[in-house]
Every structure is written in C-alpha cells, then in structure tokens.
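In the text below, chain A, chain B and the rest are named by the order of the sequence lines, each starting its count at 1. These numbers come from the heavy atoms of this one structure, side chains and all, not from hydrogens, waters or symmetry mates.
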Number of protein chains: 2
Amino acid sequence: MPGGRPRAFDPDVALDRALELFWRQGYEGTSLSDLTAAMGINKPSLYAAFGTKEQLFAKALDRYVSGPGAFAREALAAATVREVVERLIHGAVELTTGPRTPPGCLNVNTVHACGADAAPVRELALACRMAGEVALRRRLEQALDLPPGQDPATLARLVHTITDGIAVQAAAGRTRKEIREVADLALRALLPA
Amino acid sequence: MPGGRPRAFDPDVALDRALELFWRQGYEGTSLSDLTAAMGINKPSLYAAFGTKEQLFAKALDRYVSGPGAFAREALAAATVREVVERLIHGAVELTTGPRTPPGCLNVNTVHACGADAAPVRELALACRMAGEVALRRRLEQALDLPPGQDPATLARLVHTITDGIAVQAAAGRTRKEIREVADLALRALLPA
DNA sequence: TTATTTTCATACCGATCGGTACATAACTAG
DNA sequence: CTAGTTATGTACCGATCGGTATGAAAATAA
C-alpha cells in the first residue's frame, strides 16, 4: 500500500486561516480565491482536504465553538446564577473585541448572511444558537439561587439578547473599553447586589 | 421642451419593493436580477431611475430610517427618560418582528455585510447608527430625571446594545411574543419602578 | 528500476455578478 | 405631420463566482 505524495500544508493551521477569514468577512463575503490565498493552497487541495466551501465553513464553525466560543459552555459550570451570567456576558465582550481576532461574533454574523446560497450555513448557526439557549435555560431552571419571580426561559433569552447586542456593537467598531462599560452596567441592572 | 416617454412604473412603490428585498436578503444577498424582478422593471430602467445598486440602497436606507425606523427619532421627544427608553425598546421589538415586514433590522443586517464591495453601504449604516447614539446620549445628558450616578453615554450605549440584540433575536427567527417578554424583562431591570 | 497512490499546479467549466450599448417605442412641442 | 426627448426591452460586456478536468510531481512498495 503506497503512501502517496505528502501534504505541503498543515490542515490545522489552514483551517484556522479559514476561520479567521469567515469571521472577518462572513460566509458570503469570502470567496474561494480569498480562502486559497489566505490558506496558502490551491483550490483542488482545498476541496480535497475540506470539501465544499459549505463543508469548510461547517468545520470552521466547529472550531470556533470549541475554541474561542468555548467559554459559553464552560460558563454554565459556575456555582451561582450571578457567576454564570457574569461569565457569559464578560466572555462575549472579550470574544468579540479581541485585539488579535476579527471584531464581532462568527455566529451572529452568519445569522445575517441572508443570501439564497447561504441558507445551509445559516441553519447551522441557528442550530448552534438554539443549543446554547437551551443549555442556559436548563442551567437556570435547575438553579437554587434564582431570584424569586424570575422566569428561567425569559432570563436566558435576555442574557443572549445582550450578548447578541454586544456582538453587534463590536462588529460596528466600538472599542473594547466602551463595551466593557456597557456590559458592567448591564450586569448591575440585571443582577442588583 | 418635449416630455418624452412616460414611466411605466411608480418609483415610489418600486423603491418600497427594493427596501423590502434589501431588508430581507441583505445588500450582498440581493442581486440586480432579484431587484428588477421584484420591482417589475428592467435593469436599464432601474439604473436610470435610481443609479447604481449602491445608490439605490442608500435611497432604500433613507426610506427605512424615515419610515419604519422613524420611531427612534420620535421616541426622544418623550417627556421622561423612562418613556424614551420604553419607546425605543418597544419600538425595536415591533419594527423587527412585524408580520408584514422582514424579520430583523436593515441597519443591523447591513453592519454585518462584510464583503469588500459592501464597504460603502456598511459605512452608511454605521454613520446612521452613530447619529442615533449621539442623539440618544444628548437627550439623556439634558434629562433632569436621570437616576443619580448614571452615565448618559453608557446608558445610551446599553439601550442600543439591547435594541441591537433584539434585532439579532428577530433575525434568528424568534417570535414577537417571546421578544416582547424579553424586552419587558429588560425594561424592568433597566428602569426599576 | 517500475507500479501505485496521493497531492499539487494550471487551466478551464458554466453560471452569475453589476452594469451598459443599442435600437425601438411612446410621449410632447412646434 | 416632424423633430426632439425620455423610457423600454434585448442582448451583451468583462469580471468573478464555486467547482473541476487533467497531467505532472512526490512519496511508498515491490
């Protein structure tokens, strides 16, 4: 069984480049030429290693969720409702305003990719959001320290509404410092001492 | 001075169709063919009446701001800070979840149109957002009923962060009823009785 | 070496993009 | 009527889109 010609590139770093590009330019705004240029490979190599542009995006989204976006899952392990919410909102600020990553959130960007051919990846992003919301709601439902009269489902949606808004503000170019102030004010309003 | 051949279409309703399409599909996701089909005219007629796709979008955005989005300006005329904020947030819910209009907000959508050729219209949307934020901040700075210790600039940004989040939730397909509940909870947190 | 397998590089595919040239149709001024 | 002006419909422009056919290059197995 012969081994064949070895790869001239590292699929791992190539996928990171693709994630960076999709994050910064969106699914529809990123062409195969952009991708091959940034990844340092040709179109046939890209196709052989990652499949269709759509399949490549799915892999990039996976990496995003389990890498820069992993805080969203980890935050649910915090001991108190307050700490869970704080971690989620602060994590959103840091994620969307990172100095070495594109501004904004890949997931929120993708929801707004409304072209006809972007429908499949949009569904991916929507499913991802739905999973995150269900997880947070479950966490709040099981909490013993939820303020009385609070509906877990609505609170979960409000927290995600705020993190979504943070992503928009970041994509619109607001600075990390400004968004941190907004996030802290939101937390004071949401979780009075 | 001869009159020439009369138009076979109403530019006003044609612009409304274009706005609908841009709102639903985004700037990059809407092709000239989509536009001419929805407006019921040909490409030369479109170009003669509205100019470039980019110029057409600018006109559609104007109509959006002075039409469905007019509440944002009008809300600032309310008597109390509470009422200003309530009108802004409730207005955002109604705007982005209208049963006869596309889900989401044209402005927020456009901010996430990150392709290279969409840069000019993105700048338009950003300028529009900045103007709205400045106007709200000025309104809060001049208010006499602002809760003590509140920074007008940060509060203005938080309100817009929440309305941005509402737009994302609507674009992601959440129902009007759900978002209304989230908005009411946000208002209770933001403006305790 | 020779055969086999896998990747790489170039060049190309049909389709669609935004925008336009050109001829014709429909109107008004005289 | 004729002349002048504006709008319409068709057909087309070069560029780019996502994706691929093809053949040479680079590895292993014998």
Margin query: Within a 6.0 Å radius of atom CZ on A/Arg17, are there more than 12 heavy atoms belonging to other residues, nucleotides or ligands?
Written below: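 Not more than 12 within 6.0 Å, no.
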
Note to self: I'd like to know if B/Asp164 pairs up with B/Arg129 as an ion pair, taking the criterion as any Lys NZ or Arg NE/NH1/NH2 lying under 4.0 Å from an Asp or Glu carboxylate oxygen.
What the structure shows: yes

With a 4.0 Å cutoff (strictly under), does any side-chain N or O of [X] reach OP1 or OP2 of [N]?
| X | N | result |
| --- | --- | --- |
| B/Ser45 | D/dA7 | no |
| A/Ser33 | D/dT16 | no |
| B/Tyr47 | C/dG18 | no |
| A/Lys53 | D/dG18 | yes |
| B/Asn42 | D/dT8 | no |

Nearest-angstrom distance from the residue atom [atom1] of [X] to [atom2] of [N]:
| X | N | atom1 | atom2 | value |
| --- | --- | --- | --- | --- |
| A/Phe9 | D/dA25 | CZ | P | 20 Å |
| B/Met39 | D/dG9 | CE | P | 14 Å |
| A/Arg5 | D/dA25 | CZ | C1' | 5 Å |
| B/Phe57 | C/dG19 | CZ | P | 14 Å |
| A/Phe50 | C/dC8 | CZ | P | 11 Å |
| B/Lys43 | C/dT16 | NZ | C1' | 9 Å |
| A/Leu35 | D/dG18 | CG | P | 8 Å |
| B/Glu54 | C/dG19 | CD | C1' | 13 Å |

How is [X] classified with respect to the nucleic acid when contacts are heavy atoms under 4.0 Å: base, sugar-phosphate, or nothing?
| X | value |
| --- | --- |
| A/Ala8 | sugar-phosphate |
| B/Pro44 | base |
| A/Thr36 | nothing |

Item checked: Pair of N/O donor and acceptor under 3.5 Å linking D/dA7 base with B/Arg7 side chain -> no

Next item on the list: Measure the CE-CD distance between A/Met39 and A/Glu20 for me, rounded to the nearest 0.5 Å.
Entry: 12.5 Å

Checklist line | Atom pair NZ (A/Lys53) and OG (A/Ser31), whose distance is rounded to the nearest 0.5 Å | finding: 7.0 Å

Notebook entry, point to check: Closest to the B/Leu32 side chain: C/dG19, D/dG9, C/dA26?
Noted result: C/dG19

Check: Under 30°, 30 to 60°, or over 60°: which ring-plane class applies to B/Phe22 and B/Phe57, parallel, tilted or perpendicular?
Finding: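 B/Phe22 and B/Phe57: perpendicular rings.
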
Checklist line | Contact nearer the 5' end of DNA chain C, comparing A/Gly40 with B/Pro6 | finding: A/Gly40

